[in-house]
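Only one structure is covered here, and it is reproduced in the block below.
All values derive from a computational prediction rather than experimental measurement. The residues of the chain are indexed from 1 along the displayed sequence.
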Amino acid sequence: MALNQGGSGLSKSLILKGLQCHKALWLSKHPPDFPLPEKPELQARFQLGTEVGILAQQLFPGGTEVPYEGLSFPEQLTRTQQLIDSGAQVIYEASFSFSAIFVKVDILVRDGDAWQIHEVKMGTGVKDVNLDDVAVQHYVLSGCGLTISKCCLVHIDNSYVRQGAIEVDKLFASEDISLQVLARLQGMPATVEELRATLRGGAEPPIDIGPYCTDPYECDFIPYCWQHIPADSIFELRGNGVKKFDLYRRGIIRLADVPLNELNPAQRQQAEATLIRQDVIHPQQVRAFLDTLWYPLCHLDFESFNTPIPKFDGTRPYQQVPFQFSLHIQHQPGAEPQHVAYLAPPGIDPRRELIGQLLAAIPAEACVLTYNQAFEKGILRELAALFPDLAQGIEVRLANVRDLMVPFRRRDVYRWQMRGSYSIKEVLPAMVPELSYAGLVIADGMAAMQAYHDMCALEDPEALAQLRQAMLEYCRLDTLAMVRILETLRAIGKGN
Ligand code: SF4
């Protein structure tokens, strides 16, 4: 048995990229002379994946790791060979190369004369791309002379509720995917040869854009390959109506060229409004919505985080845990709002303190205005279940929740700049152009979530204070945006 059959020209991730799109594989080896934006979120995701992978190793304790850092590829292969020869039962990150394909196996477990492959993912189920992933590993390990007795996908079980220390056997679920992997193995040599031929090609493969640009992953080369798509294109159409790539293949790219009768009513309204730069306003319906609100009126927004490994007792994987709120309270229409905010200090379970402060700030009789109520209501319900002594107070506020998104989702008000969306990030600039997230250090919910993680790790008090200030500013703008949008709606409601 030799764990290095040939040099290492391909890797598992390159093969998976090639399976998504041959051009993406080719461009990975021949980067275009074109500025591609950084994707800092990928680094955060990678770190999270590493944490999950290390935790899953406890399912098979006593193994030895073949580290990626600090060892060259040949050294990783040699170290793996030594561990196998010395009778190791469990190897983490075991490394193999066959047919110039280098792979690392998350957890390799000896099973008599054979071996089991356990691939760890931080998703909550098995996806097709995971099967391809393990099939590549099986192909390489078999090529190196190992017998594979079983392939498993170890993923997060999101029904697990943390109580005390993490119980790895409950946090993770393992699915035997051996049969699906075997079914994919047959075509593997031909697939690999096809990918090699692509890489050998001197010219960029003539592959046009398609649904595979975002499936299963968002491709890194979208800014390069999509350069020819103009503003106001068919890809701006929202909703599930017409199939955009069907239009594209018929040569229809600009909204101006779309046969309007092929669109559903919402898409048609979007296309027409965009083309003639015309807004749709129904003051009567806006008034009907405004009549459902009352004062005092509290504009509420939560920021939350979720992680595959639950951080606090009583939480599940990927459960949204609130760590911050912003509240703008108005006592009558047009009154200057009073602002109240909460941002958890690092390192504590923030939920009790957060809900305590929120209940103190929102009068029981107040109307609680949110933007996309499902999110805020979901958090309030979970807090009510967690703190029975506060449940009654929370239920009273829950019953008073109203949703500022309603008139935009119903298109009582639709401005062409909203590009078919009713998300607050599109609605705000269209309704209140003078108020903007531009220039803020933190400009969206994902960045706020990352900031919370960063905050919990920061030790420098000055950096911590700056980050907290940025987080407070972002969340404050979310509810201030609601105040200003409501004012604009009130002005519209006065019309005919
Ligand atoms: S953007 Fe689309 S066409 Fe271009 S390389 Fe990526 S997947 Fe292929």
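The side chain to side chain donor-acceptor pair (under 3.5 Å) contacts involving residues 210-222 comprise Lys17-Asp220, Lys39-Asp220, where partners must be two or more places apart or lie in separate chains.
Using a 4.0 Å cut-off between a side-chain N of Lys or Arg and a carboxylate O of Asp or Glu, Lys12 and Glu119 qualify as a salt bridge. Between Asp232 and Arg277 there is a salt bridge, with a side-chain nitrogen of the basic residue lying less than 4.0 Å from a carboxylate oxygen of the acidic one. A salt bridge does not link Asp403 to Lys377: none of the charged side-chain nitrogens sits closer than 4.0 Å to a carboxylate oxygen. Under the 4.0 Å criterion applied to side-chain N and carboxylate O atoms, Glu336 and Arg484 are assigned as salt-bridge partners.
Aromatic ring pairs are classed by plane angle as parallel below 30°, tilted from 30° to 60° and perpendicular above 60°; the pair Phe235 and Trp226 is perpendicular. Between Tyr68 and Phe73, the ring planes lie perpendicular to each other; the angle is over 60°, past the 30° to 60° tilted range.
The minimum heavy-atom distance between Arg402 and Cys367, with the atom names listed, is CG-SG, 3.8 Å. Summarising the geometry of Arg287 relative to Gly493, their closest heavy-atom pair is NH1-O, 2.6 Å, with the distance given to 0.1 Å.
Counting heavy atoms from C-beta on, the side chains of Leu383 and Leu390 never come closer than 4.5 Å. Side chains of Pro32 and Leu27 form a contact here, defined as non-hydrogen atoms less than 4.5 Å apart. Residues Leu486 and Leu293 meet the side-chain proximity criterion, which asks for heavy atoms closer than 4.5 Å. No side-chain heavy atom of Ile424 sits under 4.5 Å from any side-chain heavy atom of Asn372. At least one side-chain heavy atom of Phe408 sits under 4.5 Å from a side-chain heavy atom of Ile485. Val120 is not listed as a side-chain neighbour of Gln57, based on a closest heavy-atom distance of 4.5 Å or more. Side-chain contact check for Thr479 versus Phe325: every heavy-atom pair is 4.5 Å or farther apart. At a threshold of 4.5 Å between non-hydrogen side-chain atoms, the residues Tyr422 and Arg411 do not count as touching.
Judged by distance alone, the side chain of Gln270 and the main-chain N or O of Arg238 form a donor-acceptor pair under 3.5 Å. Side chain of Asp313 to backbone of Gly164: a donor-acceptor contact under 3.5 angstrom is found. Between the Tyr160 side chain and the Ile309 main chain, no donor and acceptor come within less than 3.5 Å of each other. Judged by distance alone, with hydrogens and angles left aside, the side-chain atoms of Asn400 form no donor-acceptor pair with the main-chain N or O of Arg397 at under 3.5 Å. Checked by atom type and distance alone, the side chain of Glu303 never pairs as donor or acceptor with a backbone atom of Ala448 at under 3.5 Å. At least one donor-acceptor pair under 3.5 Å links the side chain of Gln324 to the backbone N or O of Met471. A donor-acceptor pair under 3.5 Å is absent between the side-chain atoms of Thr124 and the main chain of Ile156, judged by distance alone. The backbone N or O of Pro310 lies less than 3.5 Å from no partner atom in the side chain of Arg316, so there is not a single donor-acceptor pair. With hydrogens and angles ignored, the 3.5 Å screen pairs a side-chain donor or acceptor of Glu75 with a backbone N or O of Ser72.
Surrounding CG of Asp33 are at most 12 heavy atoms belonging to other residues, nucleotides or ligands under 6.0 Å away. More than 12 non-hydrogen atoms from other residues, nucleotides or ligands lie less than 6.0 angstrom from CD of Glu365. Other residues, nucleotides and ligands contribute over 12 non-hydrogen atoms within 6.0 Å of the CD atom of Glu434. By the neighbour-count criterion of 12 heavy atoms within 6.0 Å, atom CZ of Arg490 is densely surrounded, having more than that number from other residues, nucleotides or ligands. Heavy-atom neighbours of Lys425 NZ from other residues, nucleotides or ligands within 6.0 Å: above the threshold of 12. Dense packing is recorded around CG of Asp291, with more than 12 heavy atoms of other residues, nucleotides or ligands lying under 6.0 Å away. Counted within 6.0 Å of CD on Gln392, heavy atoms from surrounding residues, nucleotides or ligands total 12 or fewer; the atom is thus considered open.
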ask   = Step by step, would you call Ile329 with Val340 a side chain to side chain contact (heavy atoms under 4.5 Å, CB included)?
value = CA-CA 8 Å; Ile329 307 169; Val340 181; 4.0 Å; yes
key: Chi angles and distances behind the side chain to side chain contact (heavy atoms under 4.5 Å, CB included) call for Val66, Leu83   = CA-CA 9 Å; Val66 179; Leu83 286 168; 3.7 Å; yes
task = Applying side-chain hydrogen bond (donor to acceptor under 3.5 Å, both in side chains), run through His328 and Gln338 and close with a yes or a no.
result = CA-CA 6 Å; His328 274 91; Gln338 168 201 353; over 6 Å; no
inquiry  = The test is side chain to side chain contact (heavy atoms under 4.5 Å, CB included); show your working for Leu380 and Leu358 and say whether it passes.
reply    = CA-CA 10 Å; Leu380 287 171; Leu358 190 71; 4.0 Å; yes
query = Is there a side chain to side chain contact (heavy atoms under 4.5 Å, CB included) between Ile492 and Met431 once you walk through the steps?
reply = CA-CA 11 Å; Ile492 288 171; Met431 296 293 286; 4.0 Å; yes
request  = List the steps, then state whether side-chain hydrogen bond (donor to acceptor under 3.5 Å, both in side chains) holds for Thr370 with Glu376.
outcome  = CA-CA 7 Å; Thr370 62; Glu376 269 75 20; 4.6 Å; no
request  = Apply ring pair (Phe, Tyr, Trp, His ring centres under 6.0 Å) to the pair His453 and Phe305, showing each step before the final yes or no.
outcome  = CA-CA 8 Å; His453 289 298; Phe305 72 87; 5.7 Å; yes
task = Go through Glu236 and Ser233 one step at a time and tell me if the side-chain hydrogen bond (donor to acceptor under 3.5 Å, both in side chains) criterion holds.
result = CA-CA 6 Å; Glu236 302 253 307; Ser233 82; 5.4 Å; no
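Distance OG/Ser11 to CG/Leu14: 3.5 Å, rounded to 0.5 Å. Atom SG of Cys21 sits about 9.5 Å away from atom CZ of Phe221, to the nearest 0.5 Å. Distance CG/Leu404 to CG/Asp301: 11.5 Å, rounded to 0.5 Å. Within the model, atoms SG of Cys475 and CG of Leu480 stand 11.5 Å from one another, a figure rounded to the nearest 0.5 Å. Between the CG atom of Leu55 and the CE atom of Met122 there is a distance of 13.0 Å, given to the nearest 0.5 Å. Atoms CD1 and CG, from Ile394 and Asp389 in turn, are 8.5 Å apart once rounded to the nearest 0.5 Å.
Figure legend: Arg352 and Phe387 shown as a cation-pi pair, the cationic atom lying under 6.0 angstrom from the six-membered ring centre and within 45 degrees of its axis.
Ring to ring, Phe60 and His118 are close: their centroids are under 6.0 angstrom apart.
Every side-chain contact (heavy atoms from CB on, under 4.5 Å) that Glu93 has, sequence neighbours left out, goes to Glu65, Lys104, Asp106.
When each of Glu382, Lys311, Arg162 is paired with Gln319, the side chain to side chain donor-acceptor pair (under 3.5 Å) condition holds for Glu382 and for no other.
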